[in-house]
Number of protein chains: 2
Amino acid sequence: MTYYLGVDGGGSKTLAVIADDKGRVVGRGKSGCGNHQIGVTIAEQSIREAIALALREAELAQSDITYAMFGLAGADREADFRILRPLATGLGFERHDVVCDTVIGLRAGTRQPDGVVIICGSGTNCYGVNASGESLQVGGFGYEFGDFGGGSELAVEVFRTVVRAWEGREEPTKLTALALEALGHDSVESMFHHYLDEGKRAPHTLAKLLFEAADEDDAARRVLAKQGTELGLAARAVIRKLGMERDAFDLVMVGSVLTRSDNRHLVAAIEELVLPEAPGCTLRTLELEPAAGALLLAMERDGRDVREAVYEQLHLDLAIKERVES
Amino acid sequence: MTYYLGVDGGGSKTLAVIADDKGRVVGRGKSGCGNHQIGVTIAEQSIREAIALALREAELAQSDITYAMFGLAGADREADFRILRPLATGLGFERHDVVCDTVIGLRAGTRQPDGVVIICGSGTNCYGVNASGESLQVGGFGYEFGDFGGGSELAVEVFRTVVRAWEGREEPTKLTALALEALGHDSVESMFHHYLDEGKRAPHTLAKLLFEAADEDDAARRVLAKQGTELGLAARAVIRKLGMERDAFDLVMVGSVLTRSDNRHLVAAIEELVLPEAPGCTLRTLELEPAAGALLLAMERDGRDVREAVYEQLHLDLAIKERVES
């Protein structure tokens with residue numbers, strides 16, 4: 001039997017999946033942060049741990065893997081690959097490659113070779129490939145380098161919006177009650193002093209409150225619209241620079257913030273920027289784990305032509321589980 | 001002779017000034033960061049160093065100082081004062097007190113007991129006192145706790161605006177040429193990779209480019225307007241909560257970002273928010289070093305009624321030197 005390994009290493013979690021050549025998943029392993037920009041030792045540990053768990057579940061040895069594809073957040077520039085190529089080689093798979101997590105996200109979300117992907121998980125990123133095979137990444141390096149948002153920064157937006165409403169810098173917001181409940185405080189004053197006293201940061205999990213509040217709350221909608229606009233600006237820059245304005249392609253939306261089923265406020269803001277520029281663009285919320293994109297790429301690197309049955313099998317085995325119903 | 005010591009400890013510099021009871025400055029000393037929230041050891045060293053230099057220039061001993069007033073950035077909450085009161089006592093001045101730098105800024109900028117002050121130096125802060133003596137601070141704790149801006153964050157805004165224009169996320173901006181010259185790079189690409197490779201942050205000094213570009217550049221004007229709006233929101237919150245809407249008072253603008261002579265884009269944004277709320281409010285750019293406010297408070301704590309001649313003398317000796325002409 002032929003087996004492929006696909007790894008999705010993100011800022012908050014790493015998922016390794018082993019599938020056969022029919023797309024049947026035989027093993028999976030999950031661990032922590034796989035982004036070397038956050039910590040190279042932790043990233044390597046996470047990747048090793050996820051692979052070991054997947055191999056154990058599959059009851060396979062490393063040598064049973066025909067091709068291993070690593071899709072890693074933080075694999076952005078040549079400087080990153082100088083770190084990540086030796087790391088990947090050291091994992092011991094004879095045939096393997098490392099690509100950015102944008103690349104596996106795009107592959108998981110479209111069946112065309114060209115397309116654009118926007119990621120909004122812990123952080124944000126955007127990447128595209130045009131019909132000529134030219135590619136471009138815009139973003140992925142954090143606020144100072146032009147990005148905005150992702151779960152970490154959106155959590156901060158929730159926290160500070162609640163503080164500002166309490167102080168009278170902004171209008172009252174429904175985020176207040178939700179945040180106090182989530183953080184276990186009776187009052188904003190108590191929350192405020194606790195977080196200052198402890199030098200703590202708002203937990204990532206606050207970001208999801210934006211979706212809970214958005215239908216009835218201006219402040220939450222403003223933050224989501226800003227996030228959508230930011231992602232739309234990145235996608236539009238990629239589309240323009242790659243000359244994709246008249247092409248028919250998918251814009252794949254990847255990452256925990258974008259793949260929620262209640263993502264319409266975000267999607268509306270993205271569409272508003274992108275569709276006038278590229279009317280042939282179709283927005284698609286990613287339905288498969290990005291690791292499925294790594295598996296598909298591994299199969300293709302092994303010379304396989306991916307058939308419909310494989311996609312169907314991957315949809316059965318690797319549909320995004322964490323998709324939140326509104 | 002009677003001598004007073006006034007200390008202004010900020011995020012980037014500490015200034016200690018000694019004056020006699022006529023307001024004549026006889027000694028001054030300058031040193032680094034005096035904000036204990038950035039580093040308590042460094043803050044104490046800076047304060048000690050500035051005082052030592054001032055005493056040496058004045059050829060005075062510590063015991064010659066009748067009253068010492070410390071106006072410190074980061075003296076915001078009871079938790080801060082629990083650190084700062086022992087620190088100040090340890091400096092060895094028999095009669096002394098510690099207040100927030102907002103308090104000395106307000107005192108330096110208005111002759112009324114009531115008023116509102118907004119600070120925009122390294123960071124931002126806002127504070128007010130109403131005619132009944134009730135006071136309120138809004139801000140001073142950084143982005144997560146509701147603030148935006150000050151020199152450090154504005155420098156980041158300049159840097160990322162240049163990056164985003166280069167990538168096509170935003171329109172071309174005149175900030176690009178100014179930033180490249182300031183940072184000594186030939187291209188944004190070279191700047192971008194250099195800062196990523198070195199893990200460096202944009203230097204504070206980039207903030208001033210906003211003022212250079214603003215007349216002819218939308219992007220720079222947008223950042224300045226946002227900064228002004230943020231300061232206006234804080235001031236408006238203080239005015240509302242202290243019930244000052246019908247009072248005649250000064251809104252004193254303090255800190256290197258606000259005391260520039262080319263501050264009109266900032267001032268316009270502040271006025272737009274504050275004046276409809278409080279038509280009796282007069283915006284005043286601080287003309288004296290905030291340390292003058294510390295001296296005035298020291299004199300008042302010593303039971304002196306500050307006369308016109310003292311203000312005139314302080315304007316001769318402590319006019320803000322760093323005020324940048326456009």
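Chain identifiers are assigned alphabetically (A, B, ...) following the order of the sequence lines, protein sequences preceding nucleic acid strands; residue numbering begins at 1 within each chain. Computed from heavy atoms alone, side chains included, the values below leave out hydrogens, waters and symmetry copies. Nothing here was measured: the structure is a model prediction, and the numbers come from that model.
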Hey, is [atom1] on [X] packed in by over 12 heavy atoms from elsewhere, all under 6.0 Å?
| X | atom1 | answer |
| --- | --- | --- |
| E181(A) | CD | no |
| D186(A) | CG | no |
| I42(A) | CD1 | no |
| E245(B) | CD | yes |
| K174(B) | NZ | no |

### Query
So do E167(A) and V238(B) actually touch side chain to side chain, heavy atoms under 4.5 Å?
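With C-beta onward as the side chain, the pair stays apart.
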### Query
Can you tell which of L136(A), L196(A), V156(A), V162(A) has the highest number of heavy-atom pairs within less than 4.5 Å of chain B?
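Answer, by heavy-atom pair count under 4.5 Å with chain B: L196(A).
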### Query
What residue, out of Q37(A), R240(A), H193(A), has the most heavy-atom pairs lying under 4.5 Å from chain B?
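Looking at each of Q37(A), R240(A), H193(A) in turn, H193(A) comes out on top.
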### Query
Of the non-hydrogen atoms in F145(B) and V163(A), which two are nearest, and what is the gap between them?
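Result for this residue pair: O-CG1, 3.3 Å.
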### Query
With a cut-off of under 6.0 Å to the ring centre and 45° to the axis, is R160(B) in cation-pi contact with Y143(A)?
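Yes.
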Heavy-atom distance under 4.5 Å to chain B: side chain of [X], backbone, both or neither?
| X | answer |
| --- | --- |
| R201(A) | both |
| A79(A) | side chain |
| E170(A) | neither |

### Query
Any idea which of G168(B), C126(B), A235(B), A155(B) has the most non-hydrogen atom pairs under 4.5 angstrom with chain A?
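Greatest number of close heavy-atom pairs with chain A: G168(B).
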### Task
Measure the spacing between CG of L233(A) and CZ of R164(B) and express it to the nearest 0.5 Å.
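If I round to the nearest 0.5 Å, the distance is 6.0 Å.
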### Message
Could you check whether D147(A) pairs with R169(B) (Lys NZ or Arg NE/NH1/NH2 to Asp/Glu carboxylate O, under 4.0 Å)?
### Response
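So D147(A) pairs with R169(B) through a salt bridge.
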#### Entry: Test of ring centre spacing under 6.0 Å for F192(A) and F141(B)
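Yes, close enough.
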### Task
Give a yes or no on whether the backbone of F159(A) and the side-chain of E144(B) come within a donor-acceptor separation of less than 3.5 Å.
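Pair absent, no side-chain N/O of E144(B) close to backbone of F159(A).
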